[in-house]
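As a basis for the values below, the full set of heavy atoms in this structure was taken, side chains included, without hydrogen atoms, waters or symmetry mates. Labels below follow one simple rule: chain letters A, B, ... track the order of the sequence lines, proteins then strands, and each chain is numbered from 1.
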Amino acid sequence: MSDSPLPLASALHEPVLHWYSENARTLPWRQPGAGAWAVMVSEFMLQQTPVARVLPAYKLWMERWPRPADLAADPPGEAVRAWDRLGYPRRALRLHAAARAIVERHDGVVPDDHAALLALPGVGSYTAAAIASFAYGQRHAVVDTNVRRVFARALTGTAQPSISPTAADQRLAVRALPEDEPTAARWAVATMELGALVCTARIPRCSECPIRSRCAWVLAGSPPYDGPPRKGQTYEGTDRQVRGRLLAVLRAAAEPVPKTALDACWPDQAQRERALDGLVADGLVDPLPRNHYRLPA
DNA sequence: AATACGTGGCC
DNA sequence: TGGCCAAGTAT
């Protein structure tokens, strides 16, 4: 349960930071002056969705809703529609709700306080730390799947991190943090970028890695993953697939859609009804009179 | 603590 | 071909 700095990690600071200075991607939410709202929107979109797919939706979103108040002024259904096919559309609803909360509680300004961020809909421990660190330069352990993988290899010496985030991951990331605030913030993005570009899940590019000579996993001979099997996510035939189809119809429609149009999406009636009920319960779909449905107003 | 929650690209 | 993976959160 030590909170003391890790000597092993401090040796990684300089090479990782230097690597980042030369290899960081130029992403719109990292541009100077992008602002905390840009960071927040990108973080919501990047929750489980790759950068390449986020880019176009992100640009349209920021043109249309450049400030939290702009999004808050539109109905939630517009956020769901603009979410396009990024997946997990509840994120769109939560981002919209967060924008309204920011207007109501924070005068329309994305808060810089970690606890205030964490209190927003859709903001968990990762996203709160990411916004505080990336947008406001604060010193936080920003622990996502990339960072967990980098530390699992470089510090722990295992091929893959634990299947789900653990308190141990969090402690390790805290102990690895540089003392100095701006350096810690730089380290947070840098380690994440290293995990995204070099220390990748399947075939890590160790020959391009700035810390390969100090990596515990490489030093141990790059032993293969030997933990419990990671449970694969099935999708075909699940309620999630049905929800996706129903929502796709509603996103494409400018007017309320009759239930008969939704019925054409999926052959199994019981499953279709269950999926539609779920969407309504989640607030992603508004039921209207006369068996019509639409995105929430 | 498990499980639900989209979508698509890659090897 | 198809399992694996992608800047997680909420319940």
Atom CE of A:M192 to atom P of C:dA6: distance rounded to whole Å?
13 Å
Residue closer to the 5' end of DNA chain B, A:R202 versus A:G244 (nearest nucleotide):
A:G244
For atom CZ of A:R94 and atom P of B:dG6, their distance in whole Å
9 Å
Is A:Q47 near enough to C:dA7 that one of its side-chain N or O atoms lies under 4.0 angstrom from OP1 or OP2?
no
Of all the nucleotides listed (C:dA6, C:dT9, C:dG8), which has the minimum atom distance to the side chain of A:Q48?
C:dG8
Does A:T200 reach a base, just sugar-phosphate, or nothing at all? Heavy atoms under 4.0 Å.
nothing
Measure from the side chain of A:R149, starting at C-beta and using heavy atoms only, and say which of B:dT3, C:dA6, B:dC5 lies closest.
C:dA6
Just checking A:T234: base, sugar-phosphate only, or nothing, at a heavy-atom cut-off of under 4.0 Å?
nothing
Looking for any heavy atom pair under 4.0 Å, which part of the strands does A:L27 touch: base, sugar-phosphate only, or nothing?
base
Give the rounded distance in Å between these two atoms: CG of A:L276 and P of B:dC5.
14 Å
Using whole Å, what does the distance between atom C1' of nucleotide C:dT9 and atom CZ of A:R91 come to?
10 Å
Mapping A:L46 and A:G232 to their closest nucleotides on DNA chain C, which lands nearer the 5' end?
A:G232
Does the base of B:dT7 carry an N or O that pairs as donor and acceptor with the side chain of A:R53 under 3.5 Å?
yes
Quiz question: by atom type and distance under 3.5 Å, do the side chains of A:R148 and A:S162 form a donor-acceptor pair?
yes
Both conditions, 6.0 Å and 45 degrees, for the charged tip of A:R230 above the ring of A:Y225: are they met here?
yes
Assess whether one donor atom and one acceptor atom, taken from the side chain of A:Q233 and the base of C:dA6, lie less than 3.5 Å apart.
yes
Between atom CG in A:D282 and atom P in C:dT9, what is the gap in whole Å?
18 Å
Suppose you measure atom P in C:dT9 against the same atom in B:dG8; what distance do you get, rounded to whole Å?
23 Å
Nearest nucleotide by nearest heavy atom, which residue falls closer to the 5' end of DNA chain C, A:P121 or A:T49?
A:T49
Taking the side chain of A:D144 as heavy atoms from C-beta outward, which of C:dA7, B:dC5, C:dT9 is closest to it?
C:dA7
Near-ring test A:W65/A:W37, centroid separation under 6.0 angstrom:
no
P atoms of C:dA7 and B:dT3, separation to the nearest Å:
23 Å
I'd like to check the side-chain contact (heavy atoms from CB on, under 4.5 Å) partners of A:A69; sequence neighbours left out, ordered by chain and number.
A:V103
Base, sugar-phosphate or nothing for A:P89? Non-hydrogen atoms, less than 4.0 Å.
sugar-phosphate
What contact category does A:G87 fall into here, base, sugar-phosphate, or nothing, at under 4.0 angstrom with non-hydrogen atoms?
base
With sugar-phosphate meaning primed atoms plus P, OP1 and OP2, does A:L247 contact a base, only sugar-phosphate, or nothing at under 4.0 Å between heavy atoms?
nothing
Nearest listed nucleotide, side chain of A:I203, among B:dC11, C:dA7, C:dC5:
B:dC11
How is A:W29 classified with respect to the nucleic acid when contacts are heavy atoms under 4.0 Å: base, sugar-phosphate, or nothing?
base
Could you tell me how far apart A:E236 (CD) and C:dC4 (P) are, to the nearest whole angstrom?
15 Å
Nearest-Å distance, CE (A:M45) to P (C:dT9)?
16 Å
Phosphate OP1/OP2 of C:dT9: any A:T127 side-chain N/O under 4.0 Å
yes
Side chains of A:T166 and A:D169: donor-acceptor distance under 3.5 Å anywhere?
yes
Rounded to the nearest angstrom, tell me the gap between atom CD1 in A:I131 and atom P in C:dT9.
10 Å
Counting just side-chain N and O atoms, does A:R251 come under 4.0 Å of either OP1 or OP2 of B:dT7?
yes
Could you verify whether a donor N or O on one side chain and an acceptor N or O on the other, from A:N23 and A:E193, lie under 3.5 Å apart?
no
Measure from the side-chain heavy atoms of A:A201 and tell me the nearest of C:dA7, C:dA6, C:dT9.
C:dA6
Do the side chains of A:R251 and A:W83 get nearer than 4.5 Å, heavy atoms only?
no
Reckon A:V54 touches a base, only the sugar-phosphate, or nothing at all at heavy-atom distances under 4.0 Å?
nothing
5' precedence on DNA chain B between A:K231 and A:Y235 (nearest-nucleotide basis)
A:K231
Establish, with yes or no, whether the OP1 or OP2 oxygen of C:dA10 is under 4.0 angstrom from a side-chain nitrogen or oxygen of A:R90.
no
